[in-house]
Participant: 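Below is one structure. I have some questions about it.
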Amino acid sequence: MGNVAVIGSQWGDEGKGKIVDWLSSRADVVVRFQGGHNAGHTLVIGDVEYKLHLLPSGIVREGKLSVIGNGVVVDPWALLKEIGTVTEKGVKVTPESLKVAENVNLILPVHQKLDAALEAARGNSKIGTTGRGIGPAYEDKVARRGIRLCDLAHPDLLKEKVTNLLLHHNALLKGLGAEEVSVDDLYNELIAITPKILPFAAPVWKILDEAHHDGKKILFEGAQGLMLDVDHGTYPFVTSSNTVSGNAAAGSGVGPKTVGYVLGITKAYTTRVGTGPFPTELFDDIGETLGRRGHEFGTTTGRKRRCGWFDAVMVRQAVKVGGIDGLALTKLDVLDGLDEIKVCVGYDWNGQKLNYYPASQVAQAEVTPIYETMQGWSESTRGARSWADLPPAAIKYVKRLEELVGSPVTLLSTSPERDDTILVQDPFFS
Ligand code: GDP
Ligand code: IMO
Ligand code: MG
């Protein structure tokens, strides 16, 4: 029995939160390894809905250890606010139940200011970021001027680092016509938050190593999706981290063999929030219907998600690049009642047939999908808890997707509710 990593195989919002919550009953530790509070993971347990941004989705189950790995960028104010929100719903979060990597890089208010100013400066080529400061914080990390959680324990060093950081950013903010940030203000804000946030700091790599050696089961929770990966996605319309399963190791401090089975969370159609290419996007009534029935509004920003048909070429690519062993197919119920369902099986690029999604920004914008049309079903699949409850046409659709993307469906989700899930093969025993 090994560990499991959950990653999104499209443009995010595939239903990772629901699946991680469901799987977490079988795990001992749940670890976030990349992204930040740009993520929005929804869990529905009976009448209670949780929208988690930074906290791992295992947090709602008592007795599980929640870990925020070094690959995440953490806004300490947002984290404390989220702890407050879940506490109000009866979830207990303590420095015993939540460990944040001491070497994690922090998102600061200046990063959000920069995110907004840079987006404004992009004019018509905006990325449509979540505005959470993710990109600027990762830039600072790679540029080696970031402030890490462990720096809060050393006020003199912190002052020096804040001074250096703002020397750089104030020049940029000034150039962008935005207001500059005062060293004293930022330093004082950090000092004020230190007693509340520092108790969560821990050598996460060591905790995970010990857990693994003790035979505990670790569930790695990815954020965003493969097409938002900074290398493999629709660059530059991507997030600023690697969303592939390989990053579960680097982003939490374990070796690649510890990651285990990779489960690709995959929506039965496609959605995207923000700008960037989207070959199978629908601009008609069907697109509107998918959005309405699937409640396709961003969990973090509330923006309307763009909707389209399932793109088997893209998911097949995600299976390869992401090292996906099996799929958790979600939101099949949203397709109930459609006469016909289309699936993209290839692209046409100015008369040339492509069986993969090219890297060029120009090609990505120009390809048009080649569709295969399948028969829909009139019966409801919502809430189905066994294959026997699914109409034959729905089973045929799932089987065809498996064939096209080259990966088996090991879990099937038929509503937002935790238990409306069909288990085909347990990823922890694969
Ligand atoms: P994540 O970012 O991948 O965790 O996904 P989000 O939570 O942002 O968006 C997925 C949405 O779909 C949430 O509102 C979920 O409650 C909902 N959801 C998840 N699985 C299903 C499903 O099988 N059917 C339906 N109808 N909704 C689902
Ligand atoms: P979850 O984990 C969907 C998108 C933004 C934007 C791009 C860059 O809930 O699936 P960023 O703020 O990261 O610099 O924005 O990435 N994006 C997401 N889209 N789901 C997410 O997370 C996303 N996180 C970022 O909309 O297009
Ligand atoms: Mg989401």
Participant: Kindly indicate, with the supporting measurements, whether the criterion side-chain hydrogen bond (donor to acceptor under 3.5 Å, both in side chains) is fulfilled by D229 and N242.
Facilitator: CA-CA 5 Å; D229 182 283; N242 284 115; 2.9 Å; yes

Participant: Decide salt bridge (charged side-chain N to carboxylate O under 4.0 Å, His left out) for K51 and E49; before the verdict, give the C-alpha distance in whole Å, the side-chain angles of both, and the deciding distance to 0.1 Å.
Facilitator: CA-CA 7 Å; K51 289 179 190 293; E49 186 182 62; 3.7 Å; yes

Participant: Sorted by first residue and then second, give each salt bridge (charged side-chain N to carboxylate O under 4.0 Å, His left out) pair with at least one member in residues 83-97; sequence neighbours left out.
Facilitator: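 Non-adjacent pairs meeting salt bridge (charged side-chain N to carboxylate O under 4.0 Å, His left out): zero.
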
Participant: Do side-chain atoms of E102 reach the backbone of L149 as a donor and acceptor pair under 3.5 angstrom?
Facilitator: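 Not a single qualifying donor-acceptor pair exists.
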
Participant: Could you tell me whether the side chain of T234 and the main chain of G276 form a donor-acceptor pair under 3.5 Å?
Facilitator: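 Looks like no, no N/O pair under 3.5 Å.
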
Participant: So, do R132 and T300 sit near enough that their side-chain heavy atoms are less than 4.5 Å apart?
Facilitator: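 R132 vs T300: side chains touch.
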
Participant: Taking the side chain as every heavy atom from C-beta outward, state whether L52 and T42 have any pair of such atoms under 4.5 Å apart.
Facilitator: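 They are not in contact (no side-chain heavy atoms under 4.5 Å apart), so the answer is no.
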
Participant: Think K267 forms a cation-pi with W309, using NZ or CZ under 6.0 Å from the six-ring centre and within 45 degrees of its axis?
Facilitator: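 Geometry flag: not set, cation outside 6.0 Å or 45°.
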
Participant: Is a side-chain donor-acceptor pair under 3.5 Å present for S57 with E221?
Facilitator: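 Side chains of E221 and S57: pair found under 3.5 Å.
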
Participant: Given the side-chain rings of Y357 and Y347, with only the six-membered ring counted for Trp, is the space between their centroids under 6.0 Å?
Facilitator: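 Between Y347 and Y357, which both carry aromatic rings, the centre distance is below 6.0 Å.
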
Participant: Minimum heavy-atom separation for P109 and L186, please, with both atom names.
Facilitator: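 The pair with the smallest heavy-atom distance is CD-CD1, 4.1 Å.
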
Participant: Taking the side chain as every heavy atom from C-beta outward, state whether V259 and V4 have any atom pair closer than 4.5 Å.
Facilitator: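 A side-chain contact is absent here, since even the closest heavy-atom pair is not under 4.5 Å.
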
Participant: What's the verdict on side-chain hydrogen bond (donor to acceptor under 3.5 Å, both in side chains) for Q224 and T243, showing C-alpha distance, side-chain angles and the deciding distance?
Facilitator: CA-CA 7 Å; Q224 290 81 52; T243 59; over 6 Å; no

Participant: So, D75 versus Q112: side-chain donor-acceptor pair below 3.5 Å or not?
Facilitator: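 Side-chain D/A pair, D75 to Q112: present.
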
Participant: Knowing that exactly one of K304, R306, R305 qualifies, which makes a salt bridge (charged side-chain N to carboxylate O under 4.0 Å, His left out) with E288?
Facilitator: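 Per the salt bridge (charged side-chain N to carboxylate O under 4.0 Å, His left out) rule, the option paired with E288 is K304, out of K304, R306, R305.
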
Participant: Any non-hydrogen side-chain atom of L219 less than 4.5 Å from a side-chain atom of N3?
Facilitator: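 The answer is no; the side chains never approach within 4.5 Å.
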
Participant: Can you check whether L55's main-chain N or O pairs, donor with acceptor, with R32's side chain at less than 3.5 Å?
Facilitator: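 Such a contact is absent between R32 side chain and L55 backbone.
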
Participant: Out of E296, E14, H295, which one pairs with K331 under the side-chain hydrogen bond (donor to acceptor under 3.5 Å, both in side chains) rule?
Facilitator: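 Exactly one candidate clears the test, E296.
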
Participant: Just by distance, do the side chain of E82 and the backbone of L54 share a donor-acceptor pair under 3.5 Å?
Facilitator: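 Such a contact is found between E82 side chain and L54 backbone.
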
Participant: Is a side-chain donor or acceptor of N247 paired with a backbone partner of S245 at a separation under 3.5 angstrom?
Facilitator: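 Answer holds: no.
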
Participant: Taking all non-hydrogen atoms of both residues, which atom of L190 and which atom of W77 are closest, and how far apart?
Facilitator: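 In this case the closest contact between L190 and W77 is CD2-CH2, 3.7 Å.
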
Participant: Quiz question: by atom type and distance under 3.5 Å, do the side chains of S66 and K99 form a donor-acceptor pair?
Facilitator: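 Checked: S66/K99 side chains show no N/O donor-acceptor pair below 3.5 Å.
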
Participant: Show, in sequence, the C-alpha distance, side-chain angles and deciding distance for W22 and L411, and conclude whether the side-chain contact (heavy atoms from CB on, under 4.5 Å) test is met.
Facilitator: CA-CA 10 Å; W22 191 85; L411 276 174; 3.5 Å; yes

Participant: State plainly whether the residues E403 and K399 are in salt-bridge range, i.e. N to O under 4.0 Å.
Facilitator: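 Salt bridge flag = no for K399 with E403.
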
Participant: Indicate whether the side chain of T266 and that of S9 have a donor and an acceptor atom separated by less than 3.5 Å.
Facilitator: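 There is such a pair (donor and acceptor under 3.5 Å, judged by atom type) between the side chains of T266 and S9.
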
Participant: According to the interplanar angle, ranging from 0 to 90°, do the rings of H111 and H169 count as parallel (below 30°), tilted (30 to 60°) or perpendicular (above 60°)?
Facilitator: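 If you compare the ring of H111 with that of H169, the planes turn out perpendicular.
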
Participant: Under the criterion side-chain contact (heavy atoms from CB on, under 4.5 Å), I'd like the reasoning laid out for L166 against T163: C-alpha separation, chi angles, the key distance, then a yes or no.
Facilitator: CA-CA 5 Å; L166 291 182; T163 307; over 6 Å; no

Participant: Quick check on Y235: does its OH atom have over 12 non-hydrogen neighbours (other residues, nucleotides or ligands) under 6.0 Å away?
Facilitator: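 Counting neighbours around OH of Y235, 12 or fewer heavy atoms of other residues, nucleotides or ligands fall under 6.0 Å, so no.
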
Participant: Going by heavy atoms in the side chains, are V244 and D231 under 4.5 Å from each other?
Facilitator: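 They are not in side-chain contact.
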
Participant: Should the pair D151-K161 be classified as a salt bridge under the 4.0 Å nitrogen-to-oxygen rule?
Facilitator: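 Yes, this pair counts.
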
Participant: Under a plain distance cut-off of 3.5 Å, with no hydrogens placed, do T301 and R303 share a side-chain donor-acceptor pair?
Facilitator: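 Yes, because at least one side-chain N or O of R303 sits under 3.5 Å from a partner of the opposite role on T301.
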
Participant: What do the steps show when you test S241 against Q34 for side-chain hydrogen bond (donor to acceptor under 3.5 Å, both in side chains), and what is the final call?
Facilitator: CA-CA 6 Å; S241 64; Q34 48 70 232; 3.0 Å; yes

Participant: Hey, are R382 and D333 close enough for a salt bridge, meaning a charged N less than 4.0 Å from a carboxylate O?
Facilitator: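 Result for this pair is yes, salt bridge flagged.
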
Participant: Let's go through I147 and D140 carefully: what are the C-alpha distance in whole Å and the side-chain angles of both, what is the deciding distance for side-chain contact (heavy atoms from CB on, under 4.5 Å) to 0.1 Å, and is it a yes or a no?
Facilitator: CA-CA 8 Å; I147 293 180; D140 276 349; over 6 Å; no

Participant: Applying side-chain hydrogen bond (donor to acceptor under 3.5 Å, both in side chains), run through S24 and R61 and close with a yes or a no.
Facilitator: CA-CA 8 Å; S24 65; R61 292 194 193 252; 2.9 Å; yes

Participant: Whether E62 and K64 form a salt bridge (side-chain N of Lys/Arg under 4.0 Å from carboxylate O of Asp/Glu) is what I want to check.
Facilitator: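 Looking at K64 and E62, the cut-off is not met.
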
Participant: Please check if the side chain of R272 supplies one atom and the backbone of T275 the other of a donor-acceptor pair under 3.5 Å.
Facilitator: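 Judged by distance alone, yes, a pair lies under 3.5 Å.
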
Participant: Taking the side chain from T410 and the backbone from L327, do they hold a donor-acceptor pair closer than 3.5 Å?
Facilitator: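 The answer is yes, because a donor-acceptor pair under 3.5 Å joins these two groups.
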
Participant: Show your reasoning for whether side-chain contact (heavy atoms from CB on, under 4.5 Å) applies to V91 and Y50.
Facilitator: CA-CA 10 Å; V91 176; Y50 300 89; 3.8 Å; yes

Participant: Using a strict 4.0 Å threshold on nitrogen-to-oxygen distance, state whether D420 and R385 make a salt bridge.
Facilitator: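 Judged by the 4.0 Å cut-off on N to carboxylate O distance, D420 and R385 do form a salt bridge.
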
Participant: Are K18 and D419 ion-paired here, with the side-chain N under 4.0 Å from a carboxylate O?
Facilitator: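 Salt bridge between K18 and D419, a charged N being under 4.0 Å from a carboxylate O: no.
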
Participant: For K174, is there an ion pair with E179 - N to carboxylate O distance below 4.0 angstrom?
Facilitator: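 Looking at K174 together with E179, the answer is no, because their closest N to O distance does not fall below 4.0 Å.
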
